[in-house]
**Student:** 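Structure in structure tokens, see below.
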Amino acid sequence: MTKIPDYLQQVTQAMIREAATRVATHIRRTPVMQLNNVRTAITPAHLWLKCEQMQVTGSFKARGAFNKILSLSDAALKRGVIAVSGGNHGIAVAHAARSRGVKATVYVGSSVPPERVAAMQSWGAEVVVAGPTHAEAFAMASGIAEKTGAVYVHPFDDPLVIAGQGTVGLELLEQLEPPDYLLIALGGGGLISGMARAVRETWPRCKIIGIEPAGAAKMRAALDAGKPVKLDKVETKAISIAPNITTPIVHAFVRAFVDDVITVTDAEMIEGCRWLWREAAVAGEMAAGAPIAALMNGKVKATAGQNVCVLVCGAGKDGII
Ligand SMILES: Cc1ncc(COP(=O)(O)O)c(C=O)c1O
């Protein structure tokens, strides 16, 4: 029997079930909707949306942030929490920290939209603009966490965060018959790792596909290289799925449980968001347009009678206007 690498033991199905219990009263069970009777079909298959744009704080990120922060003792939290974010993770951490009565400091790059900064502040977070990009924010935040002893909540490279995101998958198991495809936007890879971990055994034949920006195709590059990679630069406006690195844990999960990782362009994502808005009045941010874009552009070829589930990962207007 092949030995399962240790990374895969870091997030177990039991941890995802525990996460679901832990976060239950803090998050929403989001609906699954069949998107039938559309004006412009993008697939001959039946299309289902898992509506995480309706989640607390506007994205699935609340699940991972709450799971992490609720797992910590008061003593561990006494110096506050620190996060780096392109938006959604920071908003989710700010909310989860406030629920424990502790201060969150969120480090951002200056490209983070002002409305996302305002949302973090509205949950009581202090927001620090660390430099022009995410990379400066990462460097500053990890240095400060080390110096101050504040808890650093990584956006994806943390088993408790991944287990929290996996609760989307647990819900889907109860809401849907096994689909033929599950399409998930891929940033750092915590979301797809948790979800794939949650559903893979129960839905062995479902093709789980990650979709990342062509201008930030770090997981595709890592799979091709056979090891985690760091991209020298990223070129995408889809800020939530723009990280330039993969880490060993997410790389291991994607290799083990995900069928394929494909890319879409920014223009395709915007087209996907506009379609979602026109057909379903769903205001998904650019990342949410990525799976739709994959279908629209024939990059995922589902056939008549098949079932495709698309995760609408977060709310926003960047893809619509
Ligand atoms: C709306 C949205 N979708 C997808 C992702 C990607 O999640 P992950 O980085 O865990 O792959 C993020 C991450 O911030 C996000 O905010």
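For ligands, and for the atoms within them, numbers begin at 1 and follow the listed sequence.
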**Student:** Provide the number and element of each atom of ligand 1 under 4.0 Å from a heavy atom of G188.
**Tutor:** 8 (P), 9 (O), 11 (O)

**Student:** Numbering the atoms of ligand 1 from 1, which are under 4.0 Å from a heavy atom of N88?
**Tutor:** 1 (C), 2 (C), 15 (C), 16 (O)

**Student:** Minimum heavy-atom separation for S110 to P132, with atom names?
**Tutor:** OG-CA, 3.3 Å

**Student:** For atom 15 (C) of ligand 1, find the nearest protein heavy atom and state the residue, atom name and distance (0.1 Å precision).
**Tutor:**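 Residue, atom and distance for the closest contact: S240 CB, 3.4 Å.
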
**Student:** For a salt bridge (charged side-chain N to carboxylate O under 4.0 Å, His left out) check, start with the C-alpha distance between K103 and E126, then their side-chain angles and the critical distance, and finish with the verdict.
**Tutor:** CA-CA 8 Å; K103 185 183 159 203; E126 182 186 343; 2.6 Å; yes

**Student:** Check ligand 1 against G190 and write out every atom of the ligand that is under 4.0 Å from a heavy-atom position of the residue.
**Tutor:**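 Once the distances to G190 are compared, the set is 8 (P), 10 (O), 11 (O).
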
**Student:** Flag yes if more than 12 heavy atoms outside E115 fall under 6.0 Å of its CD atom; otherwise flag no.
**Tutor:**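 Yes.
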
**Student:** side-chain contact (heavy atoms from CB on, under 4.5 Å) for I245 and K218? Distances and angles first, verdict last.
**Tutor:** CA-CA 6 Å; I245 51 161; K218 76 317 284 181; 5.7 Å; no

**Student:** When you compare ligand 1 with L186, is there at least one nitrogen or oxygen pair between them that comes in under 3.5 angstrom?
**Tutor:** no

**Student:** Looking at atom 7 (O) of ligand 1, what's its closest protein heavy atom, distance included?
**Tutor:**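 Nearest protein contact, heavy atoms only, for atom 7 (O) of ligand 1 is F60 CZ, 3.5 Å.
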
**Student:** Specify whether F156 and H154 have parallel, tilted or perpendicular ring planes, treating 30° as the upper limit for parallel and 60° as the lower limit for perpendicular.
**Tutor:** perpendicular

**Student:** Against ligand 1, does G189 come closer than 4.0 Å with any heavy atom?
**Tutor:**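 The answer is yes: ligand 1 sits under 4.0 Å from a heavy atom of G189.
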
**Student:** Under a 4.0 angstrom heavy-atom cut-off, which atoms of ligand 1 come close to E285?
**Tutor:**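 Those atoms are 1 (C).
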
**Student:** Pick one: which of D224, V250, T263 meets side-chain contact (heavy atoms from CB on, under 4.5 Å) with M219?
**Tutor:**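 The passing option is V250.
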
**Student:** Distance under 4.0 Å to a non-hydrogen atom of A287: what atoms of ligand 1 satisfy this?
**Tutor:**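 The list of qualifying atoms is 3 (N).
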
**Student:** Between S59 and ligand 1, is there a nitrogen or oxygen pair with a distance under 3.5 Å?
**Tutor:** no

**Student:** Check the surroundings of atom NZ in K299: do more than 12 heavy atoms from other residues, nucleotides or ligands lie under 6.0 Å from it?
**Tutor:**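 Check passes, neighbour count above 12.
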
**Student:** Below 4.0 angstrom from a heavy atom of I241, which ligand 1 atoms are there? Numbered from 1 as shown, please.
**Tutor:** 4 (C), 5 (C), 6 (C)

**Student:** Heavy-atom count around Q175 CD within 6.0 Å, excluding the residue itself: above 12?
**Tutor:** yes

**Student:** So is L191 polar-close to ligand 1, meaning N/O to N/O under 3.5 Å?
**Tutor:**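 Among all N and O atoms of L191, at least one is under 3.5 Å from an N or O of ligand 1.
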
**Student:** For C313, is at least one N or O under 3.5 Å away from an N or O on ligand 1?
**Tutor:** no

**Student:** Does at least one non-hydrogen atom of K61 fall below 4.0 angstrom from an atom of ligand 1?
**Tutor:**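 K61 counts as a contact of ligand 1 under the 4.0 Å cut-off.
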
**Student:** Quick one: which of Q53, K50, Q55 gives a side chain to side chain donor-acceptor pair (under 3.5 Å) with T30?
**Tutor:**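 Testing T30 for a side chain to side chain donor-acceptor pair (under 3.5 Å) against Q53, K50, Q55 leaves exactly one candidate, K50.
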
**Student:** Looking only at side-chain N and O atoms, does T133 offer a donor or acceptor that is under 3.5 Å from a partner on E136?
**Tutor:** yes

**Student:** Could you tell me the residue and atom name of the protein heavy atom closest to atom 6 (C) of ligand 1, and the distance to it rounded to 0.1 Å?
**Tutor:** G187 N, 3.5 Å

